[in-house]
Amino acid sequence: MLTLHVAEQSPEASVLVDGAAVAAVGPYEELATAHPDARVRRWPGILTPGLLNPYGPELLEAMYHPDPREAEGFGTEPIGGERAKRIFRADPARVGASARRGIQRLLAHGTVAVGGELRSRAVADAVRRVGLAVGRRPDPLVGPPALSPTPLIMLPGLVLGGPARFAVFDVADRAELVRRGAGTCVATVIGGRLVYRSR
């Protein structure tokens with residue numbers, strides 16, 4: 001089934017998805033006219049190729065992402081440093097579960113690819129299952145590990161026949177995205193699947 005994604009502030013960069021691949025990229029009116037049977041998903045903001053977060057190992061292997069049911073003991077924010085190491089040593093099975101929750105946080109920030117070498121098999125498996133791409137990260141890294149790192153790293157533009165992997169941010173343009181950060185994400189698509197939506 002064809003799905004046409006269009007964002008209010010970037011209708012010229014609409015994306016037609018066929019399964020897991022990009023079937024077309026272009027102005028919404030042209031794509032809608034050419035494919036009248038396509039399901040339409042309308043989003044606020046701008047549609048982008050999505051972000052690469054260069055801190056894959058730091059965020060998914062070195063930080064513990066608490067389960068909401070653990071809030072009383074661990075809080076709700078990611079835990080790093082020696083405390084995270086102690087948590088993982090006490091129960092190695094927590095590594096994979098934490099990574100899966102961390103991936104959900106990344107998806108909520110428009111991340112469609114991570115950088116860095118993942119050494120944990122459980123983490124690498126979790127990344128592969130959701131479909132996150134793994135890429136090279138810039139050298140040197142500029143800021144501290146973060147879900148919305150500085151600077152934001154946008155992936156290259158979508159191409160016909162390429163993977164349907166992109167993110168939508170509720171901002172007027174890329175300058176506002178840079179200013180406000182990746183927490184403005186409203187939708188993330190990987191492999192043609194809507195893997196995150198905020199509303």
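Atoms considered below: every heavy atom in the structure, side chains included; atoms not considered: hydrogens, waters and symmetry mates. Bear in mind the structure is a predicted one, so any value in this text is a computation, not a measurement.
Using a 4.5 Å cut-off on side-chain heavy atoms (C-beta onward), L31 and P27 make no contact. Between M154 and P49 there is a side-chain heavy-atom pair separated by less than 4.5 Å. Looking at L16 and L2, their side chains come closer than 4.5 Å, going by heavy atoms from C-beta outward. No side-chain heavy atom of H35 sits under 4.5 Å from any side-chain heavy atom of L4. At least one side-chain heavy atom of L107 sits less than 4.5 Å from a side-chain heavy atom of I190. With contacts defined as side-chain heavy-atom distances shorter than 4.5 Å, the pair P163/V22 does not qualify. Proximity of S14 to R42: side-chain heavy atoms (C-beta onward) are nowhere separated by under 4.5 Å. A heavy-atom distance below 4.5 Å is found between the side chains of I103 and L60.
The two residues R83 and G73 make their nearest non-hydrogen contact at NH2-O, 3.2 Å. Between A99 and V123, the closest heavy-atom pair is CB-CG2, 3.8 Å. Between A122 and G96, the closest heavy-atom pair is CB-CA, 3.9 Å. Taking both residues in full, the closest heavy atoms of T188 and G110 are given as OG1-CA, 3.6 Å, listed atom of the first, atom of the second, then distance. Shown here for A23 and D18, the closest heavy-atom pair between the two residues is CB-CB, 3.9 Å. P44 and D170 make their closest contact through CB-OD1, 3.5 Å (heavy atoms, listed as atom of the first residue, atom of the second, distance).
Of the inter-residue distances, the one linking L106 atom CG with H65 atom NE2 reads 7.0 Å to the nearest 0.5 angstrom. Interatomic distance, L147 CG to C185 SG, rounded to the nearest 0.5 Å: 11.5 Å.
Under the 4.5 Å side-chain heavy-atom criterion for Ile, Leu, Val, Met, Phe, Trp and Tyr, L59 and L51 are members of distinct hydrophobic clusters. Hydrophobic clustering places W43 together with V15 (ILVMFWY residues linked when any side-chain heavy atoms are closer than 4.5 Å, directly or through intermediates). Cluster annotation: Y28 and V168 are assigned to distinct hydrophobic clusters (Ile/Leu/Val/Met/Phe/Trp/Tyr, side-chain heavy-atom contacts under 4.5 Å, transitive). A chain of hydrophobic side-chain contacts below 4.5 Å, direct or via other Ile, Leu, Val, Met, Phe, Trp or Tyr residues, connects Y55 to M63. Both L141 and V134 are part of a single hydrophobic cluster, where members link through side-chain heavy atoms under 4.5 Å apart.
A donor-acceptor pair under 3.5 Å links the side-chain atoms of R193 to the main chain of V130, judged by distance alone. Formation of a donor-acceptor pair under 3.5 Å by the T184 side chain with backbone atoms of G181 is found in this model. A donor-acceptor pair under 3.5 Å is formed between the side chain of E70 and the backbone N or O of D67. Looking only at distances, no side-chain donor or acceptor of S10 sits under 3.5 Å from a matching main-chain atom of A13. Side-chain atoms of T48 come within 3.5 Å of backbone N or O of G50 as a donor-acceptor pair. Side chain of N53 to backbone of S148: no donor-acceptor contact under 3.5 angstrom is found.
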ask   = Under the side-chain contact (heavy atoms from CB on, under 4.5 Å) criterion, do V112 and L155 qualify, and how do the steps go?
value = CA-CA 9 Å; V112 298; L155 290 185; 3.3 Å; yes
query = Given the rule in the side-chain contact (heavy atoms from CB on, under 4.5 Å) test, do V95 and E61 qualify, once you have shown the distances and angles that lead to the verdict?
reply = CA-CA 7 Å; V95 174; E61 294 179 333; 5.9 Å; no
request  = Could you walk me through whether I79 and I87 pass side-chain contact (heavy atoms from CB on, under 4.5 Å), step by step?
outcome  = CA-CA 9 Å; I79 298 168; I87 292 170; 4.1 Å; yes
Worked check of side-chain contact (heavy atoms from CB on, under 4.5 Å) between V189 and V195 = CA-CA 6 Å; V189 172; V195 292; over 6 Å; no
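For R179, there are no side chain to side chain donor-acceptor pair (under 3.5 Å) partners two or more places apart in sequence or in a different chain. Partners of R41 under the side chain to side chain donor-acceptor pair (under 3.5 Å) rule, at least two apart in sequence or in another chain, do not exist in this structure. By the ring pair (Phe, Tyr, Trp, His ring centres under 6.0 Å) test, F88 is found to be paired with Y64, residues two or more places apart in sequence or in another chain being considered. Every residue meeting the side-chain contact (heavy atoms from CB on, under 4.5 Å) condition with R129, not counting sequence neighbours, appears here in chain and number order: R100, D125, A126. Residues passing the salt bridge (charged side-chain N to carboxylate O under 4.0 Å, His left out) test with E12, sequence neighbours excluded: none.
Salt-bridge annotation for E117 and R136: absent, with no side-chain N of the basic residue lying under 4.0 Å from a carboxylate O of the acidic one. In summary, E176 and R174 do not engage in a salt bridge, as defined by a charged side-chain N under 4.0 Å from a carboxylate O.
Listed by first and then second residue, the ring-ring contact (aromatic ring centres under 6.0 Å, His included) pairs involving residues 162-188 are H5-F166 (not counting sequence neighbours).
Counting only N and O atoms by type, the side chains of R105 and Y196 include no donor and acceptor under 3.5 Å apart.
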